[in-house]
Amino acid sequence: MSKKLTQSFDVIVIGAGPAGYSSAIRCAQLGLKTVCIDNWHDEQGRGSLGGTYLNAGCVASIALLESAKIYHSLNYRLKEHGIQAESVGVDIARMMQRKNTIVEALGRQIVDAFAQHKVVCIQAEAKLLNERLVEITPSDQSAVSILEAKHIILATGSSPIDLSCAPIDNEFIIDSSMALNLDAVPKRLAIIGGGVIGLELAGIWNRLGAETILLEAQETFLSMTDQQISREAYRIYTEQGLELRLGARVISAKKGSKKVTVEYQDNEGTHALRVDKLIVASGRKPNTENLADAEANLLLDENGYVHVDENSRTNLPGVYAIGDLTLLGPMIAHKGIEEGLFVAEQIAGIQNPINYGLLPSVIFTDPEIAWVGQTEQALRATGEPIKTAIYPLSATARAQAIGQTEGMVKIIAHAETDALLGVHIIGTQASEMIAEAVLAMEFSASSEDLARTIHAHPTLAKALHGAALALKSQK
Ligand code: NAD
């Protein structure tokens with residue numbers, strides 16, 4: 001097959017997920033001739049921009065959770081509002097169609113933004129040949145060509161880790177992407193992994209009526225979150241009907257004629273579960289398998305993450321890696337977006353470093369969990385003098401009025417300087433409320449600054465204010 005050098009660009013971006021598309025658009029805005037290559041396609045072979053985040057992750061998950069919440073409210077909350085309705089049912093096909101329509105509309109927005117900014121978009125498989133050259137192969141394997149650029153940005157994202165004890169069969173044993181495309185509500189569902197993805201999926205299917213059992217190998221629930229918040233989350237999710245089995249390591253999953261038998265081990269021995277579906281949500285790995293030719297000598301670590309410095313530069317001059325490909329920060333969409341913008345600006349000679357310490361984290365369950373800064377357990381381990389205060393959402397008039405009183409806001413400040421060190425929220429709209437805390441910490445606010453800031457009343461944000469006032473009264 002002949003390969004020829006077809007075009008030269010200032011920047012080649014490989015991958016059009018949040019990291020890649022935001023980087024490509026920013027490069028173009030800064031006057032750089034940019035091409036973005038992406039290989040995502042649907043079952044019909046149609047290309048779709050936006051990566052996992054849009055096509056098989058966050059957006060799809062949030063869209064389905066919204067439908068599930070409405071269904072659940074109709075079943076369990078109408079009475080308290082004095083509303084009567086008869087025969088509430090679920091049409092999963094229609095629900096999936098709504099989700100797909102949202103995903104397609106957002107995908108078209110990326111296509112339009114590329115067109116508006118004159119980013120060349122190519123649907124193909126890209127492979128890094130060296131620090132200047134990228135080979136591209138269209139899905140029909142025809143016309144392999146070579147593109148050249150002064151700068152190359154790797155943004156190919158991540159994909160689910162396969163568990164050898166529970167091989168995906170795309171029917172009974174499925175991964176997180178397929179779990180967002182089921183055509184019926186399973187009667188009994190097990191999920192391997194009580195991490196962010198496992199919990200987000202559990203919240204959807206449990207609300208739609210599936211008996212849902214989450215099997216998590218770790219003894220500690222949500223070990224990355226503040227433990228006071230994760231205890232509250234455990235209590236709330238369990239009361240909602242989710243069965244959370246901690247310290248439960250799955251060792252095998254076998255498909256029968258219509259069910260899956262899942263075997264797991266805990267302190268008490270080996271147990272078996274029979275379920276209609278099993279979702280594997282045991283973590284994600286960077287998509288670096290075929291990303292670079294061996295002769296390119298791109299440096300990866302033993303788990304396949306691209307080695308980068310604090311400026312997202314790989315070992316190859318002019319080649320950057322961003323988003324889920326690196327261990328610089330967690331696998332979250334907005335980290336990728338920030339790195340995408342940062343690298344684009346770096347190429348254009350602007351240096352706006354990212355404050356990784358203030359990346360907010362969000363778990364899109366119901367209620368949501370969101371946090372920024374450090375946890376109490378991490379700060380106590382360092383011996384830092386701290387003070388903490390919590391404010392329950394139930395103490396705010398807004399939460400009472402909307403009937404969403406579960407959860408709390410927790411503030412951690414330095415005991416001597418009063419500087420905000422961490423804000424942790426569990427409750428409805430936590431993902432929106434955390435923005436105020438991120439901004440406050442970005443501007444090095446103290447807890448007193450928050451306490452002195454006027455908050456509209458009655459709002460959920462008054463819980464943040466309440467927690468700051470509670471800290472103030474400790475002085
Ligand atoms: P994760 O690593 O957060 O959780 C996977 C869990 O599976 C772990 O707790 C692990 O102990 C458990 N596990 C592994 N093997 C097991 C076994 N055999 N039996 C029982 N439990 C087992 O991974 P994830 O939830 O798949 O998410 C992947 C990444 O994507 C994470 O970094 C996550 O933060 C990110 N993500 C973030 C968001 C968000 O920001 N809202 C959404 C989706 C994904």
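Order of appearance sets the numbers: ligands from 1, and atoms from 1 within every ligand.
Under the ring-ring contact (aromatic ring centres under 6.0 Å, His included) criterion, Tyr264 pairs with His271, not counting sequence neighbours. In this view, Phe342 satisfies the ring-ring contact (aromatic ring centres under 6.0 Å, His included) rule with no residue, not counting sequence neighbours.
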Between ligand 1 and the protein, which N/O pairs fall short of 3.5 Å?
residue: ligand 1; atom: 9 (O); partner: Glu216; partner atom: OE1; Å: 2.7
residue: ligand 1; atom: 9 (O); partner: Glu216; partner atom: OE2; Å: 3.0
residue: ligand 1; atom: 11 (O); partner: Glu216; partner atom: OE2; Å: 2.7
residue: ligand 1; atom: 18 (N); partner: Val250; partner atom: O; Å: 3.2
residue: ligand 1; atom: 19 (N); partner: Val250; partner atom: N; Å: 2.9
residue: ligand 1; atom: 21 (N); partner: Ala217; partner atom: N; Å: 3.1
residue: ligand 1; atom: 25 (O); partner: Val196; partner atom: N; Å: 3.3
residue: ligand 1; atom: 25 (O); partner: Ile197; partner atom: N; Å: 3.0
residue: ligand 1; atom: 26 (O); partner: Gly283; partner atom: N; Å: 3.0
residue: ligand 1; atom: 40 (O); partner: Val362; partner atom: O; Å: 3.4
residue: ligand 1; atom: 41 (N); partner: Glu200; partner atom: OE2; Å: 3.2
residue: ligand 1; atom: 41 (N); partner: Val362; partner atom: O; Å: 2.9

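Exactly one of Gln346, Gln351, Glu339 qualifies for a side-chain hydrogen bond (donor to acceptor under 3.5 Å, both in side chains) with Asn311. That residue is Gln351.
Every pair tested for side-chain hydrogen bond (donor to acceptor under 3.5 Å, both in side chains) that includes a residue from residues 299-308 fails, sequence neighbours excluded, so the list is empty.
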| Where do Glu436 and His455 land on the side-chain hydrogen bond (donor to acceptor under 3.5 Å, both in side chains) test, with the steps shown first? | CA-CA 11 Å; Glu436 178 186 350; His455 288 70; 2.5 Å; yes
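Comment: Lys127 does not engage Glu125 in a salt bridge, judged by the lack of any side-chain N to carboxylate O separation of less than 4.0 angstrom.
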